[in-house]
Structure formats: structure tokens, C-alpha cells
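Keep in mind that what you see is a predicted model, and the values were worked out from it rather than measured. Quick note: numbers below take in every heavy atom, side chains included, and nothing from hydrogens, waters or symmetry partners.
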Amino acid sequence: MFALLYATQSPHPFSFSILLYYQKPPNSTSEVIGVYEAMVLLGIGGTILYVTSLSMVADLIGFTVGSSAFVYGVMSFADKLFNGLAVQIAQALHPCTDARQNCGTYYRQLLVFVPAGAALVALVSLILLALLVTTKKHCRGTVCVGSVEEDQA
């Protein structure tokens with residue numbers, strides 16, 4: 001379910017990366033609009049990634065709501081921690097030592113390849129998860145539900 005939902009919406013982050021990769025430095029107002037279009041696609045793609053992960057956590061929690069606050073708290077903490085680490089790594093790998101150097105290509109490549117890579121990892125993970133879910137038997141309490149193949153037989 002999540003893989004299908006995400007697969008239908010995954011072109012947004014990839015189209016952002018393609019738009020930004022081929023974007024030239026803006027010289028006029030009409031060229032600046034292309035940057036805004038790319039940023040809208042980045043916002044849509046990031047939101048889709050975040051909402052998909054939240055819905056997966058809600059599905060993981062299921063009926064065991066006793067620990068749901070802890071699970072959402074850990075997820076929020078991990079989100080902040082890994083975003084901070086990503087910023088620190090990006091700053092540590094910064095190639096420019098002088099403020100007069102033009103380092104626009106570094107940040108441009110960072111903005112192109114990191115969101116596209118995250119979207120690709122998310123898509124592959126969701127496809128693998130969907131394959132795993134359809135082949136395993138799920139039990140909650142005393143109720144067990146078989147795989148899709150077993151239900152159809």
C-alpha cells in the first residue's frame with residue numbers, strides 16, 4: 001500500500017533534481033521562476049517522504065497504543081539528529097576555504113543528488129517492504145492473517 005502510494009508520487013523529488021541540475025544561474029525575473037518551480041517540487045517531495053514515514057509508523061504501532069508516544073518521540077528525535085548530522089557532513093565536506101571562491105556548484109550538486117538519493121532509497125525500501133509483507137504471515141495477539149498468496153488459494 002505504502003509502496004504504491006509513494007510510487008505514484010515519487011516523480012516530484014526526481015523532477016526537482018532534474019530541474020535544478022539543468023537550471024542556469026538566473027539573469028532575469030523569468031529565469032528566477034524556474035528556481036521557485038523547483039523548490040515547490042522539493043517541498044512536495046519532502047512532504048511525501050515525511051507523511052509516508054509517519055503513516056508507516058502508525059501502521060507499525062497498530063493497536064498497541066501504549067508505547068505510541070515513545071515511538072513517535074524516538075522518530076522525531078532521530079529525524080532531528082540525522083538532519084543535524086547531514087548539515088554537519090555537508091559543512092565538513094565544503095571544498096571552499098576562501099569566501100571569494102565560487103562554491104555554487106558544490107551546493108547545487110548537494111541539492112540535486114541528496115534529495116534524489118533519499119527518494120530513491122525510500123522507493124527501493126518501500127518496494128522491498130511491500131514484497132516482504134506479501135510473503136510473510138502477520139499475527140496480532142491471537143489473530144493471524146496469511147499472505148496474499150495464501151488468501152487467494
Side-chain angles (χ1 to χ4, degrees), residues 1-136 138 140 147-148:
M1 173 69 174
F2 298 116
L4 178 65
L5 177 66
Y6 183 75
T8 60
Q9 299 299 319
S10 64
H12 291 99
F14 294 117
S15 57
F16 157 78
S17 296
I18 292 168
L19 267 175
L20 197 62
Y21 185 77
Y22 291 108
Q23 182 75 32
K24 295 180 177 123
N27 295 326
S28 66
T29 307
S30 63
E31 292 176 352
V32 173
I33 293 174
V35 174
Y36 287 118
E37 292 169 349
M39 291 304 139
V40 166
L41 291 172
L42 176 65
I44 292 170
T47 302
I48 291 167
L49 280 171
Y50 191 67
V51 169
T52 303
S53 66
L54 281 175
S55 61
M56 287 178 66
V57 168
D59 190 47
L60 173 73
I61 292 171
F63 296 111
T64 57
V65 294
S67 61
S68 62
F70 175 75
V71 172
Y72 280 112
V74 168
M75 182 182 167
S76 178
F77 175 72
D79 178 40
K80 304 301 183 252
L81 179 71
F82 289 122
N83 279 327
L85 284 174
V87 169
Q88 290 298 318
I89 290 170
Q91 290 298 323
L93 296 177
H94 193 280
C96 296
T97 56
D98 189 8
R100 290 173 283 175
Q101 290 177 323
N102 184 9
C103 293
T105 56
Y106 172 73
Y107 289 113
R108 180 175 159 190
Q109 290 175 347
L110 198 69
L111 278 173
V112 167
F113 295 118
V114 171
L120 186 63
V121 166
L123 185 61
V124 169
S125 299
L126 286 172
I127 289 171
L128 290 175
L129 183 66
L131 291 174
L132 181 71
V133 166
T134 58
T135 59
K136 296 281 182 175
H138 298 285
R140 290 192 182 175
S147 65
V148 174

Q: Could you list all the side-chain hydrogen bond (donor to acceptor under 3.5 Å, both in side chains) pairs where at least one residue sits in residues 68-80, not counting sequence neighbours?
A: Asp79-Asn83
Q: Indicate the atoms forming the closest heavy-atom contact of Pro115 with Leu110, along with that distance.
A: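 Heavy atoms of Pro115 and Leu110 come nearest at CD-O, 3.7 Å.
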Q: Could you pull out the closest heavy-atom pair between Ser17 and Val112, with the gap in Å?
A: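 Scanning both residues, the minimum pair turns out to be OG-O, 2.8 Å.
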Q.
Would you call the rings of Tyr106 and His94 parallel, tilted or perpendicular, taking 30° and 60° as the class edges?
A.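 Because their plane-to-plane angle is over 60°, the rings of Tyr106 and His94 count as perpendicular.
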Q. Once you round to the nearest 0.5 Å, how far does CE of Met39 lie from CG of Leu111?
A.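 Separation between the atoms: 5.5 Å.
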(Q) For the CD1 atom of Ile89 and the CZ atom of Phe82, what is their distance to the nearest 0.5 Å? (A)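 Atom-to-atom, Ile89:CD1 and Phe82:CZ are 10.0 Å apart.
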Q: Please name all residues satisfying side chain to side chain donor-acceptor pair (under 3.5 Å) with Tyr50, sequence neighbours left out, ordered by chain then number.
A: none
